[in-house]
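See below for the structure under consideration.
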Amino acid sequence: MIIAIDGPAASGKGTLARRIAAHYGLHHLDTGLLYRAVAKAVLDAGYPADDVARASAAAAAIDPEKFDENALKAHAVSEASSVVAAIPQVRKALLDYQRAFAARPPGAVLDGRDIGTVIAPGADVKLFVTASPQIRAARRVAELKARGVAADERDVLADLLRRDERDSARAAAPLKPAPDAHLLDTTLLDIDAAFRAAVAIIEAARTGRKRG
Ligand code: CDP
């Protein structure tokens, strides 16, 4: 079974994807980490994130086994990750890894921006997870705080909106729901309620498929 979870920045996709993967015994891939790793490699080498040649080379060379998730989740990497993510060559270099990951038995949950539209268009279930910008900013601040990082909610909100705009407006695999995605608005849901709602959607989709 392959489950695709897409949505805007800090919508709760990652937490949800992890819980769903554990629940169904599937592998989980946070595809945002791939773009973050490319961005960090380019910045660490002293180049701007929009350097196409450097970013493409970094994408071809990344090793997900060696990811330091804490460093990749750092606020400074976020902005640059959406810049490298708009480069078609970067997306192309990361495609095979994601498809191969999804194909590993017994299946996987992948979360990102283009999973249901580009990476796994044939996924068994597609969720598009949203929440209001204010709620997303508040959640991201709490997440950063839990990692020991102080952050101003207005700055975080501005960053999220800027990235959403860039991710939605780009020509290469823009952020948008697949036509057959189930929309899940978590603005008024805590993580347990969001998880239950997601499982209900997945179960209904599986039952529908079996009947169909
Ligand atoms: O955790 P958050 O939602 O803030 O971001 P993320 O999922 O780690 O993704 C970071 C950035 O990578 C996004 O703003 C996108 O620009 C890019 N991304 C993408 O283009 N396609 C994906 N499948 C996943 C992430």
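Every number for a ligand or one of its atoms is a count from 1 in the order of the listing.
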Discussion item. Within 45 degrees of the ring normal and closer than 6.0 Å to the centroid, is that where the cationic atom of Arg104 sits relative to Phe101?
Written reply: yes
Worksheet item: Salt-bridged, Arg163 to Asp167, with N to O below 4.0 Å?
Response: no
Worksheet, complete the sentence: Hits for salt bridge (Lys or Arg N to Asp or Glu O under 4.0 Å) against Asp190, two or more places apart or cross-chain, chain-then-number order -> none
Worksheet item: Are the side chain of Asp124 and the backbone of Ile2 linked by a donor-acceptor contact shorter than 3.5 Å?
Response: yes
Fill in: Donor on one side chain, acceptor on other, Arg113 and Tyr35, under 3.5 Å
no
Fill in: Protein residues having a heavy atom less than 4.0 Å from any atom of ligand 1
Ala9, Ala10, Lys13, Thr31, Gly32, Tyr35, Arg36, Lys73, Ser81, Ser82, Ala85, Arg91, Gly112, Arg113, Asp114, Arg140, Arg163, Asp167, Arg170
Discussion item. Looking at Asp114 and Arg170, is there a salt bridge between them, counting it only when a charged N and a carboxylate O are closer than 4.0 Å?
Written reply: no
